[in-house]
Amino acid sequence: MRQDPSDGQDRDQWDGRDRRDPRTAVPHTADERTTLTAMLQFQRDTLALKCAGLGPDQLRKRAVEPSGLSLLGLVRHAAEVERGWFRNVLAGEDSRSPWTPPGSTDWADFDVADADVDEAFAVWHEECARARTVVDDAASLDATGTLGQEEYSVRYVLAHMIEEYARHNGHADLLRERLDGTTGE
């Protein structure tokens, strides 16, 4: 144990990380696929951590008018982005959003006033599992899929998804602080 001078609390530390941190550790010296997939999982785990312990009303609470940004909206958005990039682009599926009405071109990720919290998390977890399968099944990081006329490699999609989560985890951090004062990594 060592004393963390920033908050005066005892921390069980190893390699600079709190052992109680539930997120997937990112290896420091792994191959490219392992590093990218671990980093993406760490970002997914961070979003889950930002939502942990909150009730449905807190998860639906919007950041500031007129923004529709909420933690639940971020979870639903993450599910949509996972579905779009991994299933539709890389796996060549034509999977549609469970939240956007048929025929509509509007994204409904952030329309959460009446959203079912359990459904949103279940869909997100399922899309993450499917995404892991798509990556595991890819022959290499150079394997590609298409979106319109553009070709995208598994490597690009993984890097893009890390960026997508990192950006939105910054939003999630601010939302969580606004809700109950919790801050952190």
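Values below: every heavy atom of this structure, side chains too, minus hydrogens, waters and symmetry copies.
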For Asn88 against Ser95, the heavy-atom pair lying closest together: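 Scanning both residues, the minimum pair turns out to be OD1-N, 2.8 Å.
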Grab the two heavy atoms, one from Ala25 and one from Ala38, that are nearest each other, plus how far apart they are.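 So the minimum-distance heavy-atom pair works out to O-CB, 4.1 Å.
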According to a hydrophobic-cluster definition based on side-chain heavy atoms being under 4.5 Å apart (Ile, Leu, Val, Met, Phe, Trp, Tyr only), do Val123 and Met161 belong together?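 Looking at the clustering, Met161 is in a separate group from Val123.
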Leu174 and Leu71: same hydrophobic cluster, using ILVMFWY side-chain contacts below 4.5 Å?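 No: no chain of side-chain contacts under 4.5 Å links Leu174 to Leu71.
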When you compare the side chains of Arg23 and Thr46, does any donor N or O come within less than 3.5 Å of an acceptor on the partner?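 Result is yes, a qualifying pair exists.
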For Glu151 and Thr144, does a side-chain donor sit closer than 3.5 Å to a side-chain acceptor?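 A pair is found: one side chain offers a donor N or O, the other an acceptor, under 3.5 Å apart.
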Without placing hydrogens or testing angles, list every side-chain donor-acceptor pair under 3.5 Å for residues 112-122, not counting sequence neighbours.
| unit_1 | atom_1 | unit_2 | atom_2 | d |
| --- | --- | --- | --- | --- |
| Asp116 | OD1 | Asp118 | N | 2.9 |
| Asp116 | OD1 | Glu119 | N | 2.8 |
| Glu119 | OE1 | Trp99 | NE1 | 3.4 |

Spatial distance of atom [atom1] ([X]) from atom [atom2] ([Y]) [nearest 0.5 Å]:
X	Y	atom1	atom2	result
Ser97	Glu80	OG	CD	3.5 Å
Glu164	Leu40	CD	CG	10.5 Å
Leu175	Lys50	CG	NZ	10.5 Å
Gln58	Cys51	CD	SG	11.0 Å
Gln43	Leu47	CD	CG	9.5 Å
Leu36	Leu141	CG	CG	6.5 Å

May I ask you to decide if [Y]'s main-chain N or O and [X]'s side chain share a donor-acceptor pair within less than 3.5 Å?
X	Y	value
Asp109	Gly73	no
Arg178	Ala63	yes
Thr35	Asp31	yes
Thr100	Arg96	no
Asn169	Tyr165	yes

What residues form a ring pair (Phe, Tyr, Trp, His ring centres under 6.0 Å) with His77, not counting sequence neighbours?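 Once residues adjacent in sequence are excluded, the partners of His77 under the ring pair (Phe, Tyr, Trp, His ring centres under 6.0 Å) criterion are Phe110, His168.
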Where at least one partner belongs to residues 134-150, residue pairs that pass salt bridge (charged side-chain N to carboxylate O under 4.0 Å, His left out), sequence neighbours excluded: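 Salt bridge (charged side-chain N to carboxylate O under 4.0 Å, His left out) check on residues 134-150 returns Asp142-Arg155.
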Only counting residues at least two apart or in another chain, list the ones meeting side chain to side chain donor-acceptor pair (under 3.5 Å) with Ser67.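 Result, side chain to side chain donor-acceptor pair (under 3.5 Å) vs Ser67: none returned.
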Flag side-chain contact, heavy atom, 4.5 Å: [X] against [Y]:
X	Y	answer
Arg62	Leu69	no
Glu82	Arg44	yes
Asp45	Pro22	no
Ser140	Val154	no
Arg33	Val135	yes

Mind checking salt bridge (Lys or Arg N to Asp or Glu O under 4.0 Å) for Glu93 and listing every partner two or more places apart, or none if nothing turns up?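 Applying salt bridge (Lys or Arg N to Asp or Glu O under 4.0 Å) to Glu93 gives Arg87.
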Set of salt bridge (Lys or Arg N to Asp or Glu O under 4.0 Å) partners for Arg76, sequence neighbours left out: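 Arg76 satisfies salt bridge (Lys or Arg N to Asp or Glu O under 4.0 Å) with no residue once adjacent residues are dropped.
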According to the interplanar angle, ranging from 0 to 90°, do the rings of Trp85 and Tyr152 count as parallel (below 30°), tilted (30 to 60°) or perpendicular (above 60°)?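 Answer is perpendicular, since the angle exceeds 60°.
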Under 4.0 Å between a Lys/Arg side-chain N and an Asp/Glu carboxylate O for Asp173 and Arg176?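 Looking at Arg176 together with Asp173, the answer is no, because their closest N to O distance does not fall below 4.0 Å.
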